[in-house]
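Data first, discussion second: the structure below is written as structure tokens.
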Amino acid sequence: MTEILTNTEILIEAVNKADSADGLLEAVEDLAAVKAVEAIPTLVEVLGYNNPGAAVAAVDGLIEIGEPVVPYLLANLDDYNYGARAWALRVFAGVGDPLALDLLLKAATADFSQSVRRAAARGLGIIRWSKLAPEKLLPAQKEVLQALLLTSEDGEWVVRYAAVVGLESLAKTLAKTQSQLVPDITARFSGIIATDTEIVVRARTKLAWQKVTSNE
Amino acid sequence: MEQNYLETGEAEQLTVEQAIANLRQKEDLGARYYAAWWLGRFRVKEPEAIDVLLMALEDESDRAPDGGYPLRRNAARALGKLEDERAVPPLIRCLEFPDFYVREAAAQALEMLSDSRAIPALVQLLEGGVAKAQFVPGKPHLVQPYEAIIEALGTIRATEAIPLIKPFIGHPVEKVKYAAARAMYQLTSDSVYGEILIQALAGDDLQLRRSALMDLGAIGYLPAGSAIAETLAENSMKLIALKGLLEEEINQNGNQAFELTQESIKVMELMDSLL
């Protein structure tokens, strides 16, 4: 039987049969390395296991495969396992496909899990805007800007931190095409530096402010 | 751990008045227990909240099947979060209480309050050293909550406890060993102890790796940055640990103008990669 299995099938088998945390990590790394579309369902399944090491390897592998992952992952999001959802959001963020834009917008502002909001906020900053039709660009970017401004007021420090990182990336994109929107971002940065209760959020915002204003 | 403790969006909402009333009544033990937790979680620092929590600390009615005092445990944990020094003497008295988990919660609370009045009572519990620090037969815990005691002494900067704490680096229970490394680093700033915790990040057990992450974050050991980022654990845990490093770096080397050091920027780059 084995001779008719492809290399990818053998590697998928190895993931399914792994019987220890370390064994699973190695099998997932091997499977991720082949960057095969056939590996997508198995790698997505790994996101739901409680094994952070294997999940990181699966996320990296899925991001490497890129756009073919997005429709499958959108159709197979696990609503009840928010660990898995946070990892999935990291995949969407890494691929940057505008197909996932609505999901990222909703997740950043309204998901009950702070890990999901965090990953989504980062993802909103690194959308591959060139994939979007030109007439949709400005309204979508305005929507992302509003969502990130809102997320920068989240109750959890790590979500505000991620929103600042997202706003910094967005500001760099907007500086080239829609520079009239950048002052909204720098004004918000000044507000955070003056008032955020967490010193690490203020520090990251200071860095973002420096990077964005030195580009002008 | 992330899934159990970090998500608070679904907590039942009370008002301050309801929580205080729930804690004052004696009929519904579940409501009392929840109210004690709630007052701590939402940092209700009103004097009346402290009053009822101090009463709960002496409660006799809520008893667990093992003879423990669940409400006292929750009340102690809440008082640790509320920064009212009236809680210090009662919490010190809790360190002598027969329920192990009340003693543990009290030691943790005293660490959070970081009050040097607690030092003699905490030191007393280390008496007998590593030799006496054995498991209680039939229980999942040692005779004293050593982890909490040692961490408290480190945070309170009890340098007089150094000779007592140092031998616990050799304790066979990993978490006690990490607690000793953490406290010794806080008390001596000797990097040897930070390195013990970095080594622990590569251990086989996810729980222990998480524990070492939290310890490194608590001491803000800057050389651990990259090792933290590469640890096989949840990103949310690693982010909390790196936050501890960044806070320590800013507090040590920051200034009025809030200039960012190269080290701070390095830690932020690591954090960015984990979002």
Next on the checklist: For the CH2 atom on A:Trp157, are there more than 12 heavy atoms of other groups (residues, nucleotides or ligands in this structure) within a distance under 6.0 Å?
Outcome noted: yes
Checklist entry - Just wondering, are more than 12 heavy atoms of other shown residues or ligands nearer than 6.0 Å to NZ in B:Lys266? => result no
Checklist entry - Does a side-chain heavy-atom distance below 4.5 Å link B:Lys243 with A:Glu198? => result yes
Next on the checklist: Does atom CG (B:Asp204) have a neighbourhood of more than 12 heavy atoms from anything else shown, all under 6.0 Å?
Outcome noted: no
Checklist entry - Which atom names give the shortest non-hydrogen contact between B:Leu260 and A:Gln210, and what distance separates them? => result CD1-OE1, 4.2 Å
Checklist entry - Which bit of B:Leu206 comes within less than 4.5 Å of chain A, counting heavy atoms only: side chain, backbone, both or neither? => result side chain
Checklist outcome for this item: Nearest heavy-atom approach of A:Tyr161 to B:Met268 is OH-O, 3.3 Å
Item to check | Contacting region of A:Val200 [heavy-atom separation from chain B under 4.5 Å] | outcome: both
Next on the checklist: Are there over 12 heavy-atom neighbours, none belonging to B:Lys45, within less than 6.0 Å of that residue's NZ?
Outcome noted: yes
Item to check | Any B:Ser236 side-chain heavy atom under 4.5 Å of A:Val158 side chain | outcome: no
Checklist entry - With chain A, which of B:Leu239, B:Leu274, B:Leu232, B:Asp272 has the greatest number of heavy-atom pairs at distances under 4.5 Å? => result B:Asp272
Checklist entry - For chain B, which residues from residues 85-94 of chain A lie under 4.5 Å away (heavy-atom distances)? => result A:Trp87, A:Arg90
Item to check | Sequence-distant partners of A:Tyr49, ring pair (Phe, Tyr, Trp, His ring centres under 6.0 Å), two or more places apart | outcome: none
Checklist outcome for this item: Looking only at heavy atoms, the pair that brings B:Leu275 and A:Arg118 closest together is O-NE, 3.3 Å
